[in-house]
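Worksheet: one structure, shown below.
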Amino acid sequence: MNMRTVYVNGTYLPENEATISIFDRGFLMADGVYEVTSVLDGKLIDFAGHAKRLERSLNELDMPHPDCLPDLLDIHRELVRLNGIEEGMIYLQITRGAPGDRDFAFPDPATCTPTVVLFTQNKPGLANSPVAKTGIKVISVADQRWARRDIKTVQLLYPSMGKMMAKAAGVDDAWMVEDGMVTEGTSNNAYIVKGNTIITRHLGNEILHGITRAAVLRFAHEAQMQVEERSFSIAEAQAADEAFITSASMFVMPVVEIDGAAVGTGTPGPVAARLREIYLDESRKVAV
Ligand code: PDD
């Protein structure tokens, strides 16, 4: 891969010159939040939603707002320009900073400022992914994450383990289950379709409030589709007509198999295909 230009605390520099303190609380304590925003046609998709959720994540953790917060759109755009990204993602992470030693207590915001890092991920063909034509397979795993999944923190060890369990089982991803009900995918929101109804878990602390989820549900309503926001079990999902996931990096992606059982015909269904098309079309129109 070509050397990227990345952003660290106010400076644009080559990725191999970017450094963070060993005392950074993101490194020592996973005391940090992040966002992933996709880029299509060189423009940012759903940027306003990601910026709003980022601010909420900071506030929920009493994390000081970095001075550059109002400039994040400009910083994203500058990175897209400097790295010539047409299709891909921008990763943004803010941590509570590097207080100069390890301590469980939060540092004094007067002396310790947040660390801000952004980098690009070039993914040509992201929107035209051939995987969307075949769909993905998932297994179910127990949801063993902490209880504030509505905050987009960098504590991603369990989701990583979930992806590895999926890989070991020869499938693409895992849906997490708590109290007999699906919460979400390891890095995406989960949906099923039964008849004319799209079913996805209601918002709460148990799942991340996906920005793609919000947009897709809005488009579904506008297209006169029925939406039910409630939890569902793996058995209900296996008996559904269709299943799919949403995220900033996958958009709308069909799920064709759950724990070895084919969903519907075992091929991507019309509702997921239509929602993917609407989401991509409409999001491109308002991309910044
Ligand atoms: N993940 N749920 C979880 C647990 C997630 O990590 C994500 C996003 C989503 C979907 O949210 P959104 O539609 O706002 O991307 C749901 C990102 C893409 C990641 O970690 O790479």
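Note that ligands are numbered from 1 as they come in the structure, with each ligand's atoms numbered from 1 the same way.
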Query raised in the report: Is the shortest side-chain N to carboxylate O distance from Glu242 to Arg274 below 4.0 Å?
Result: no

Quick one: table the atom pairs, ligand 1 N or O against protein N or O, below 3.5 Å, distance rounded to 0.1 Å.
residue  : atom   : partner : partner atom : Å
ligand 1 : 1 (N)  : Lys152  : NZ           : 3.2
ligand 1 : 1 (N)  : Ser187  : O            : 3.3
ligand 1 : 2 (N)  : Glu184  : OE1          : 2.6
ligand 1 : 13 (O) : Ile211  : N            : 3.4
ligand 1 : 13 (O) : Thr212  : N            : 3.0
ligand 1 : 13 (O) : Thr212  : OG1          : 2.6
ligand 1 : 14 (O) : Arg53   : NH1          : 2.8
ligand 1 : 14 (O) : Arg53   : NH2          : 2.9
ligand 1 : 14 (O) : Ile211  : N            : 2.8
ligand 1 : 15 (O) : Ala248  : N            : 2.8
ligand 1 : 20 (O) : Tyr34   : OH           : 2.6

Query raised in the report: Near Lys43 NZ, under 6.0 Å, is it more than 12 heavy atoms from other residues, nucleotides or ligands?
Result: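 Incorrect, the count does not exceed 12.
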
Query - Phe47 and His76 aromatic ring geometry - parallel, tilted or perpendicular at 30°/60° bounds - result: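 If you compare the ring of His76 with that of Phe47, the planes turn out perpendicular.
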
Report task. Using the six-membered ring wherever Trp is involved, compare the ring planes of Phe244 and Tyr191 and label them parallel, tilted or perpendicular (cut-offs 30° and 60°). Result -> parallel

**Report entry** Between Lys163 and Ser187, a side-chain donor and acceptor under 3.5 Å
**Finding:** yes

Query raised in the report: With the 4.5 Å side-chain cut-off for hydrophobic clustering, are Leu28 and Met63 part of the same group?
Result: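 No, Leu28 does not connect to Met63 through the hydrophobic network.
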
